[in-house]
Amino acid sequence: QVQLEESGGGLVQAGGSLRLSCAASGRTFSSVTMVWFRQAPGKEREFVAGASWSGGRTYLADSVKGRFTISRDNAKNTVYLQMNSLKPEDTAVYHCAARAGAGVPSEVNAYVYWGQGTQVTVSS
């Protein structure tokens, strides 16, 4: 089993920044893909950003490109999501997810391990 714990959410004004963290613990894998999804009220969960095991390849949803950055520290088993120039439409619960093996799929059902989520609220 892998446990994921997110932190760093909160309330911020439009144009502000937040940094989310997701720490993994428990069983370790030779390679673990870690990603961020978000879910706004009444909407489906959507892929936001992902990083390959080495961190050498990163993927961002079109809606956040140029504003969000994903990075990871494998020594700490932690992945980060730096969110700048936040907009009210970024308001959602942000979930960290992980899977064993290579590849960074954007489908929800590709991920077995999920964190409980952290609320991000952007006021206008």
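Considering only heavy atoms from C-beta on, Val35 comes within 4.5 Å of Val104 through its side chain. Side-chain contact between Ser25 and Val2 is absent, with no heavy-atom pair separated by less than 4.5 Å. In this structure the side chain of Tyr80 never reaches within 4.5 angstrom of the side chain of Leu20, judged on heavy atoms. Within the 4.5 Å cutoff, side-chain heavy atoms of Leu86 are placed close to those of Leu18. Using a 4.5 Å heavy-atom threshold, the side chains of Val93 and Phe37 count as separate.
Between Lys87 and Asp90 there is no salt bridge, since no side-chain nitrogen of the basic residue lies less than 4.0 Å from a carboxylate oxygen of the acidic one.
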Original post:
Hey, mind stepping through Met34 and Tyr111 against side chain to side chain contact (heavy atoms under 4.5 Å, CB included) and telling me if it holds?
Top reply: CA-CA 9 Å; Met34 296 183 73; Tyr111 295 88; over 6 Å; no

**OP:** Apply side chain to side chain contact (heavy atoms under 4.5 Å, CB included) to the pair Val112 and Arg99, showing each step before the final yes or no.
**Re:** CA-CA 6 Å; Val112 178; Arg99 67 190 295 265; 5.5 Å; no

Original post:
Step by step, would you call Val79 with Cys96 a side chain to side chain contact (heavy atoms under 4.5 Å, CB included)?
Top reply: CA-CA 9 Å; Val79 64; Cys96 177; 4.0 Å; yes

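For Phe68, the ring-ring contact (aromatic ring centres under 6.0 Å, His included) criterion is met by no residue, not counting sequence neighbours. The side chain to side chain donor-acceptor pair (under 3.5 Å) check on Lys76 picks up nothing, with sequence neighbours excluded.
The OG atom of Ser52 sits 7.0 Å away from atom CZ of Arg72, with the distance rounded to the nearest 0.5 Å.
A donor and an acceptor atom, one from each side chain of Gln119 and Thr121, are located under 3.5 Å apart. Side-chain N/O atoms of Asp73 and Thr78 include no donor and acceptor closer than 3.5 Å. Counting only N and O atoms by type, the side chains of Tyr94 and Arg38 include a donor and acceptor under 3.5 Å apart.
Across every non-hydrogen atom of Ser124 and Ala14, the tightest pair is CA-CB, 4.4 Å. Summarising the geometry of Leu81 relative to Ala49, their closest heavy-atom pair is CD1-CB, 3.9 Å, with the distance given to 0.1 Å. The shortest non-hydrogen separation linking Gln82 to Ser17 is NE2-CB, 4.0 Å. Heavy-atom minimum distance, Val120 versus Met83: CG2-CE, 3.9 Å. Here the closest non-hydrogen pair linking Ala98 and Leu4 is N-CD1, 3.8 Å.
Centroid-to-centroid, the aromatic rings of Trp36 and Phe47 stay 6.0 Å apart or farther.
The backbone N or O of Gly103 lies less than 3.5 Å from a partner atom in the side chain of Thr33, making a donor-acceptor pair.
A salt bridge (Lys or Arg N to Asp or Glu O under 4.0 Å) check over residues 2-25, counting only residues at least two apart or in different chains, returns nothing.
Residues Val108 and Val32 do not share a hydrophobic cluster, clusters being chains of Ile/Leu/Val/Met/Phe/Trp/Tyr side chains in contact below 4.5 Å.
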